[in-house]
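The structure under discussion appears below in the form of structure tokens.
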Amino acid sequence: MTQLDPAPTYEVYALRYATQPDRVAREAYFRCEIPEAPAPQDYFVWAIRGDGRTIVVDTGFSASSAQKRGRALLCHPVEALARIGIDASAVRDVVLTHAHYDHAGNLASFPEARFHVQDKEMQYCTGRLMRHDILRRTFDVADVIALVRLLYEGRLLCHDGDVTLAPGVTLHLVGGHTQGQQVVRVATRRGPIVLASDGAHFWANLRDRNPFPILVDLGATLEAFALIERLAASPEHIIPGHDPAVLTRFPKWRSETDIVALHEEPL
């Protein structure tokens with residue numbers, strides 16, 4: 001009998017590029033008993049490296065977006081990637097978990113990449129629901145136009161549900177926050193982790209079944225929580241998209257205060 005090669009395992013990094021220290025609980029939880037309690041929010045991009053591959057997950061926002069929306073930009077996401085030795089201009093695969101402004105900006109910084117999104121996300125951000133200000137305000141129209149241009153250039157891969165991006169790296173449609181929200185499951189030496197992105201902004205959203213209030217479908221958001229839990233090896237293998245605790249729960253990468261190694265055991 002031929003013995004199958006073991007699935008590759010990857011290094012996975014969370015890289016903080018911006019923060020919003022003045023956010024409050026009513027902006028973080030659907031059900032909120034103390035609306036003005038502090039609920040600071042961090043902004044991350046993620047990098048997956050191993051088996052001869054480098055995959056970037058989400059691309060952050062620009063300095064102009066930070067200024068317009070009142071966010072504290074700590075560094076450009078491309079600069080953050082460079083700190084761990086990743087040259088954005090050479091990256092071949094970028095996963096966009098969804099098309100909100102803080103996850104799908106800076107696309108021109110990845111000139112050699114193919115971008116992976118869900119069909120439903122493109123339908124959502126270019127469809128009739130964008131007539132409603134409360135839904136479209138979390139998108140940047142320039143980013144959406146850039147996605148359409150990539151589609152016409154043949155560099156935007158639209159997926160219909162779950163897909164294997166590489167051995168040990170899979171994408172999973174969850175919806176809820178947006179119609180095409182997806183999460184990324186990655187094989188690591190400590191087991192499969194799930195980059196939940198905005199499938200779960202904070203660990204408390206997931207633990208308390210109390211979603212982030214920006215969403216398109218409450219029921220789908222709650223169902224997404226259950227799917228994320230099934231995909232991950234344990235709760236410690238779920239990485240929320242905006243929780244500042246990520247930086248204290250995992251080991252720092254070298255001397256970088258804003259980069260942690262998610263493939264390492266939690267502290």
Side-chain angles (χ1 to χ4, degrees), residues 17-20 22-23 27-28 41-46 56-81 88-89 91 93-160 171 173-184 197-199 201 211-218 220-221 241-242:
Y17 70 92
T19 187
Q20 188 184 7
D22 59 349
R23 203 170 185 99
E27 300 171 294
Q41 177 169 279
D42 282 343
Y43 296 83
F44 296 91
V45 295
W46 300 271
V56 170
V57 179
D58 289 344
T59 53
F61 54 71
S62 65
S64 60
S65 288
Q67 183 176 16
K68 179 173 70 175
R69 296 176 184 268
R71 310 299 189 250
L73 188 68
L74 303 174
C75 70
H76 194 286
V78 166
E79 179 186 338
L81 291 167
S89 67
V91 170
D93 286 289
V94 174
V95 176
L96 299 178
T97 61
H98 59 302
H100 279 170
Y101 81 96
D102 53 324
H103 295 262
N106 306 308
L107 301 181
S109 297
F110 300 84
E112 298 299 319
R114 304 178 304 169
F115 293 84
H116 300 266
V117 299
Q118 289 287 330
D119 276 331
K120 287 187 176 181
E121 189 67 3
M122 290 302 294
Q123 294 162 7
Y124 177 51
C125 69
T126 61
R128 64 187 295 170
L129 288 179
M130 291 302 102
R131 294 181 297 115
H132 304 294
D133 175 70
I134 197 168
L135 292 176
R136 70 171 178 259
R137 68 175 55 186
T138 46
F139 293 91
D140 188 318
V141 66
D143 298 336
V144 176
I145 291 170
L147 286 172
V148 173
R149 291 187 184 280
L150 287 168
L151 178 65
Y152 274 75
E153 292 171 10
R155 294 174 52 211
L156 188 70
L157 279 67
C158 298
H159 301 293
D160 182 15
L171 312 181
L173 174 64
V174 296
H177 178 61
T178 68
Q179 288 185 339
Q181 172 76 52
Q182 61 183 342
V183 302
V184 186
S197 181
D198 289 5
H201 286 64
F212 194 79
I214 297 174
L215 46 79
V216 69
D217 188 323
L218 176 58
T221 300
H242 290 275

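Using a 4.5 Å cut-off on side-chain heavy atoms (C-beta onward), Arg149 and Leu107 make no contact. With contacts defined as side-chain heavy-atom distances shorter than 4.5 Å, the pair Tyr101/Lys68 does not qualify. Looking only at side-chain heavy atoms (C-beta outward), Val57 and Ser197 stay at 4.5 Å or farther from each other. For the pair Leu147 and Leu96, the minimum side-chain heavy-atom distance is below 4.5 Å.
Other residues, nucleotides and ligands contribute only 12 or fewer heavy atoms inside 6.0 Å of the CZ atom of Arg128. Other residues, nucleotides and ligands contribute only 12 or fewer heavy atoms inside 6.0 Å of the CD atom of Gln67. By the 6.0 Å contact criterion, CG on Asp160 is open, its count of non-hydrogen atoms from other residues, nucleotides or ligands being 12 or less.
Contact between Cys125 and Val144 at its shortest, heavy atoms only, is O-CG1, 3.8 Å. Pairing each heavy atom of Asp140 with each of Ser65, the nearest pair is OD2-OG, 3.6 Å. Contact between Val91 and Val94 at its shortest, heavy atoms only, is CG1-CG2, 4.0 Å. Taking each heavy atom of Ser62 and Leu73 in turn, the nearest pair found is C-CD2, 4.3 Å. Contact detail for Met122 and Cys158: the closest heavy-atom pair is CG-SG, 4.0 Å. The two residues Pro77 and Phe61 come nearest to each other via the heavy atoms CD-O, 3.8 Å.
Distance check, rounded to the nearest 0.5 Å: CG of Leu129 to OG1 of Thr178 gives 11.5 Å. Taking CG of Leu173 as the reference point, atom CD of Gln179 lies at 10.0 Å (rounded to 0.5 Å). From Gln41, atom CD reaches atom CD of Gln20 across 5.5 Å, with rounding to the nearest 0.5 Å. Once rounded to the nearest 0.5 Å, the distance linking CD of Gln123 with CD of Gln118 reads 10.0 Å.
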From CA spacing to verdict: side-chain contact (heavy atoms from CB on, under 4.5 Å), Leu81, Phe110 = CA-CA 12 Å; Leu81 291 167; Phe110 300 84; 3.9 Å; yes
task = Would you please test Asn106 and Thr59 for side-chain hydrogen bond (donor to acceptor under 3.5 Å, both in side chains) and show each step?
result = CA-CA 6 Å; Asn106 306 308; Thr59 53; 5.5 Å; no
task = I would like to know whether His242 and Tyr43 meet ring pair (Phe, Tyr, Trp, His ring centres under 6.0 Å); could you show each step before the answer?
result = CA-CA 6 Å; His242 290 275; Tyr43 296 83; 5.0 Å; yes
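Proximity of a side-chain donor or acceptor of Thr138 to a complementary backbone N or O of Leu135 within less than 3.5 Å is detected. Proximity of a side-chain donor or acceptor of Arg155 to a complementary backbone N or O of Ala113 within less than 3.5 Å is detected. Side chain of Gln182 to main chain of His116: a donor-acceptor pair is present (N/O by atom type, distance under 3.5 Å, no hydrogens or angles). Checked by atom type and distance alone, the side chain of Glu121 pairs as donor or acceptor with a backbone atom of Ala99 at under 3.5 Å. A donor-acceptor distance shorter than 3.5 angstrom exists from the side chain of His76 to the backbone of Val78, with no hydrogens or angles considered. Here the side chain of His177 pairs a donor or acceptor atom with the backbone of Ile214 at under 3.5 angstrom.
Residues His98 and Gln181 have side chains that bring a donor and an acceptor to within less than 3.5 angstrom of each other. Donor-acceptor pairing under 3.5 Å is lacking for the side chains of Asp198 and His100.
Between Asp102 and Arg69 there is no salt bridge, since no side-chain nitrogen of the basic residue lies less than 4.0 Å from a carboxylate oxygen of the acidic one.
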